[in-house]
*Asks:* 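I'd like to ask some things about the structure below.
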Amino acid sequence: MSENRPLIHLIYTGGTIGSIEMPNRGGLHPIDFAHLNTHIPELSRLDVDIEVVSVAEPKDSSDMRPDDWAAIAAHIAATHDYVDGFVLLHGTDTMAYTASALSFMLQGLKKPVILTGSQLPIGKIRTDGKENVLSAIEVAAAQRNGKPLLQEVAVYFEYKLFRGNRIRKYSTEHFHAYVSPNYPVLAEAGVDIQFNTSALWIPKQDQLSFYPNMDPSVMPLRLFPGISAKMLQSIKPADGVRAVVLETFGFGNAPFDTELLNTLSDWMNKDIFVMQISQCWHGSLAPGKYKTGMAMMEMGVFNGKDLTFESAMVKCMHALGRTKTRLGMAEVMKQNLAGEFSE
Ligand code: ASP
């Protein structure tokens with residue numbers, strides 16, 4: 001270890017990047033980091049000190065749960081003061097949820113937390129994993145005046161760096177698997193890595209605050225033409241559900257159906273937090289623009305602005321981890337905790 005070289009913790013959680021094909025056990029299986037290391041010998045040539053950390057058995061990201069997010073966040077919180085940056089190797093399927101979760105669990109981060117992965121396993125000749133890992137480490141190690149350049153949770157993928165709680169996985173096939181529809185990229189990698197410094201998050205707090213609790217009692221509800229109050233009544237969200245993420249049309253519109261609106265209102269009277277977001281990937285809500293959206297506003301449905309679906313779900317889990325009442329939820333949800341919505 002050298003005094004001047006940044007110390008990076010490389011946390012391997014699983015996903016395609018470190019998987020190999022096991023045809024007799026059904027498809028791709030995540031295996032240990034040693035396998036990954038043999039395929040990226042360049043790791044030892046980087047001008048950084050890397051410590052490989054494992055917080056749990058490597059898994060497909062579809063198996064990730066809030067407990068896994070808490071274990072990763074706990075490691076980061078415990079080592080935050082002496083590590084210069086963190087790189088998390090993660091499956092692509094739920095990377096947007098994990099990145100959002102870490103951004104809410106670790107508020108006031110002073111060090112970069114960079115998630116990356118790949119569309120093709122590292123053992124494949126045409127893998128995209130090698131470039132992703134090497135550049136993610138370079139981003140995590142980037143410093144200015146002896147301080148980390150990034151102080152937030154970000155995702156590096158296919159030559160672009162994104163704010164973690166703004167991304168959506170949009171392609172199963174392309175190497176550029178993610179888009180950030182409502183926030184500019186934080187950096188682009190070409191011959192050099194060019195940082196978009198004016199877009200980087202500036203922490204609002206001096207100290208890191210770690211919020212380990214996530215309560216997943218959140219139900220998504222996507223409106224569609226033909227949805228009826230009867231269908232909603234059969235869902236009975238009162239049975240354990242404390243928050244609903246309502247995916248409304250366009251600027252925040254919903255069918256002007258009194259019975260349907262009454263059902264939502266009934267849930268809210270039972271202290272269930274109801275927040276609307278848009279089914280559109282780009283743009284923000286403006287629920288007062290049309291009569292069909294006005295009703296939502298008048299009922300007091302919470303305006304989720306341009307939160308992505310993933311960020312909206314996870315932010316509700318975070319808020320429910322801190323408070324159980326609808327009003328308490330609204331207090332947490334209206335704060336821009338980690339640059340998750342546009343102001
Ligand atoms: N199923 C994999 C995962 O999310 C896909 C990937 O890593 O690309 O873990």
Side-chain angles (χ1 to χ4, degrees), residues 8-13 15 53 55 61 64 66 68-81 83-117 132-133 135-142 147-157 160-169 177-180 182-187 195-197 199-205 207-212 214 307-315 317-319 321 335-342:
I8 303 297
H9 273 190
L10 189 56
I11 308 171
Y12 175 56
T13 71
V53 177
V55 290
S61 76
M64 281 273 169
D68 297 301
W69 303 335
I72 297 164
H75 171 81
I76 296 171
T79 57
H80 175 267
D81 290 349
V83 172
D84 296 298
F86 300 85
V87 173
L88 193 68
L89 305 186
H90 195 283
T92 59
D93 289 346
T94 67
M95 198 182 292
Y97 292 92
T98 302
S100 298
L102 295 178
S103 77
F104 302 134
M105 293 169 116
L106 297 164
Q107 291 172 39
L109 265 180
K110 300 287 173 295
K111 307 289 170 67
V113 175
I114 314 296
L115 285 83
T116 194
N132 283 347
V133 175
S135 295
I137 294 174
E138 199 172 326
V139 166
K147 290 216 171 99
L149 189 56
L150 257 95
Q151 301 181 309
E152 61 179 297
V153 179
V155 167
Y156 181 85
F157 220 87
K160 288 198 169 97
L161 183 73
F162 306 101
R163 176 160 298 155
N165 53 32
R166 292 294 196 130
I167 58 155
R168 304 208 73 187
K169 182 173 179 184
Y178 296 99
V179 289
S180 171
N182 289 312
Y183 199 73
V185 291
L186 303 183
F195 287 91
N196 182 3
T197 41
L200 305 182
W201 178 249
I202 301 168
K204 292 180 178 169
Q205 313 162 235
Q207 295 292 321
L208 174 71
S209 306
F210 172 36
Y211 295 93
M214 284 273 173
L307 284 176
T308 62
F309 172 74
E310 292 83 348
S311 209
M313 289 293 292
V314 174
K315 192 171 177 185
M317 294 185 202
H318 164 72
Q335 295 170 45
N336 205 346
L337 302 175
E340 65 276 14
F341 63 76
S342 307

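Any value given below was found using the heavy atoms of this structure, including those in side chains, with hydrogens, waters and symmetry copies removed. The structure displayed is predicted, hence computed values, not measured ones.
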*Asks:* Side-chain contact test, heavy atoms from C-beta onward, threshold under 4.5 Å: evaluate it for I202 versus E152 and give yes or no.
*Replies:*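 No, too far: nothing below the 4.5 Å cut-off.
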
*Asks:* Of the non-hydrogen atoms in P148 and D84, which two are nearest, and what is the gap between them?
*Replies:* CG-O, 4.0 Å

*Asks:* Once you round to the nearest 0.5 Å, how far does CD of Q107 lie from CG of L102?
*Replies:* 12.0 Å

*Asks:* Are the side chains of K169 and E310 in contact, using a 4.5 Å heavy-atom criterion?
*Replies:* no

*Asks:* So how far is it from F162 CZ to Y183 OH, rounded to the nearest 0.5 Å?
*Replies:*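 Answer for the CZ-OH pair, F162 versus Y183, is 13.5 Å.
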
*Asks:* Heavy atoms, side chains only, cut-off 4.5 Å: are L150 and V139 in contact?
*Replies:*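 Yes; the side chains approach each other to less than 4.5 Å.
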
*Asks:* Do you know the tightest heavy-atom contact between T13 and L89?
*Replies:*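 That would be OG1-O, 2.7 Å.
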
*Asks:* Taking atom NZ of K110 as the centre, does the number of heavy atoms from other residues, nucleotides or ligands within less than 6.0 Å exceed 12?
*Replies:*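 Atom NZ in K110 is packed in, count exceeds 12.
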
*Asks:* Between M95 and Y178, is there a side-chain heavy-atom distance shorter than 4.5 Å?
*Replies:*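 When only atoms from C-beta onward are counted, M95 and Y178 do touch, with a gap below 4.5 Å.
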
*Asks:* If only atom types and distance count, is the side chain of R163 paired as donor or acceptor with the main-chain N or O of L186 below 3.5 Å?
*Replies:* no

*Asks:* Among all residues two or more places apart in sequence or in another chain, which pass the side chain to side chain donor-acceptor pair (under 3.5 Å) test with Q151?
*Replies:* none

*Asks:* Can you tell me how far the CG atom of L109 sits from the CZ atom of F86, to the nearest 0.5 Å?
*Replies:*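 Output value for this atom pair is 8.0 Å.
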
*Asks:* Would I72 and L88 satisfy side chain to side chain contact (heavy atoms under 4.5 Å, CB included), going step by step from the backbone distance to the final call?
*Replies:* CA-CA 9 Å; I72 297 164; L88 193 68; 3.8 Å; yes

*Asks:* One pair to check against side chain to side chain contact (heavy atoms under 4.5 Å, CB included): V185 and L161. What are the steps and the verdict?
*Replies:* CA-CA 6 Å; V185 291; L161 183 73; over 6 Å; no

*Asks:* Rounded to the nearest 0.5 Å, what separates atom OG in S180 from atom CZ in R168?
*Replies:* 11.5 Å

*Asks:* Closer than 3.5 angstrom, by distance alone: can the side chain of T94 be matched with the main-chain N or O of S61 as a donor-acceptor pair?
*Replies:*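 Side chain of T94 to backbone of S61: a pair is present.
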
*Asks:* Between K111 (side chain) and V83 (backbone), is there a donor-acceptor pair under 3.5 Å?
*Replies:* yes

*Asks:* Looking only at non-hydrogen atoms, find the nearest pair between P212 and A70 and report the distance.
*Replies:* O-CB, 3.9 Å

*Asks:* Can you tell me if N132 uses its side chain to pair, donor with acceptor, with the backbone of T116 under 3.5 Å?
*Replies:*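 No, the answer is negative, given that no donor and acceptor are paired below the 3.5 Å cut-off.
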
*Asks:* For M105 and P66, which heavy atoms make the closest approach, and how far apart are they?
*Replies:*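 Shortest heavy-atom contact: CE-O, 4.5 Å.
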
*Asks:* Kindly give the heavy-atom pair with the smallest separation between G108 and P203, and that separation in Å.
*Replies:* CA-CB, 4.2 Å

*Asks:* Please report the C-alpha distance between W201 and V153 in whole Å, then the side-chain angles of each, then the deciding distance to 0.1 Å, and finally whether the side chain to side chain contact (heavy atoms under 4.5 Å, CB included) criterion is met.
*Replies:* CA-CA 9 Å; W201 178 249; V153 179; over 6 Å; no

*Asks:* Under the side chain to side chain contact (heavy atoms under 4.5 Å, CB included) rule, what do V53 and H75 come out as? Steps first, then yes or no, please.
*Replies:* CA-CA 9 Å; V53 177; H75 171 81; 3.6 Å; yes

*Asks:* Is the CD atom of Q205 crowded by more than 12 outside heavy atoms at less than 6.0 Å?
*Replies:*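 Counting other residues, nucleotides and ligands, CD of Q205 exceeds 12 neighbours.
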
*Asks:* Which heavy atom of A96 sits nearest to which heavy atom of S100, and what is that distance?
*Replies:*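 Smallest interatomic distance, heavy atoms only, reads O-OG, 2.8 Å.
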
*Asks:* How far does CG of L115 sit from NE2 of H90, to the nearest 0.5 angstrom?
*Replies:*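 Output value for this atom pair is 6.5 Å.
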
*Asks:* Under a plain distance cut-off of 3.5 Å, with no hydrogens placed, do N165 and S311 share a side-chain donor-acceptor pair?
*Replies:* no

*Asks:* Are F210 and I76 close enough that some pair of their side-chain heavy atoms sits under 4.5 Å apart?
*Replies:* no

*Asks:* In Å, rounded to the nearest 0.5 Å, how long is the span from CD1 of I167 to OG1 of T92?
*Replies:*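 Between I167 CD1 and T92 OG1, I get 9.5 Å after rounding to 0.5 Å.
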
*Asks:* Under the 3.5 angstrom rule, does the side chain of N336 hit a backbone N or O of F341 as a donor-acceptor pair?
*Replies:* yes

*Asks:* Between the side chains of R166 and E340, is the shortest nitrogen-to-carboxylate-oxygen separation below 4.0 Å, so that they form an ion pair?
*Replies:* no

*Asks:* If you define the side chain from C-beta out and look only at heavy atoms, does anything of Y97 sit under 4.5 Å from M64?
*Replies:*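 No, every pair of side-chain atoms sits at 4.5 Å or beyond.
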
*Asks:* Is there a side-chain contact between V314 and W69 in this structure, where contact means two heavy atoms from C-beta onward sitting under 4.5 Å apart?
*Replies:*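 Yes, close enough: below the 4.5 Å cut-off.
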
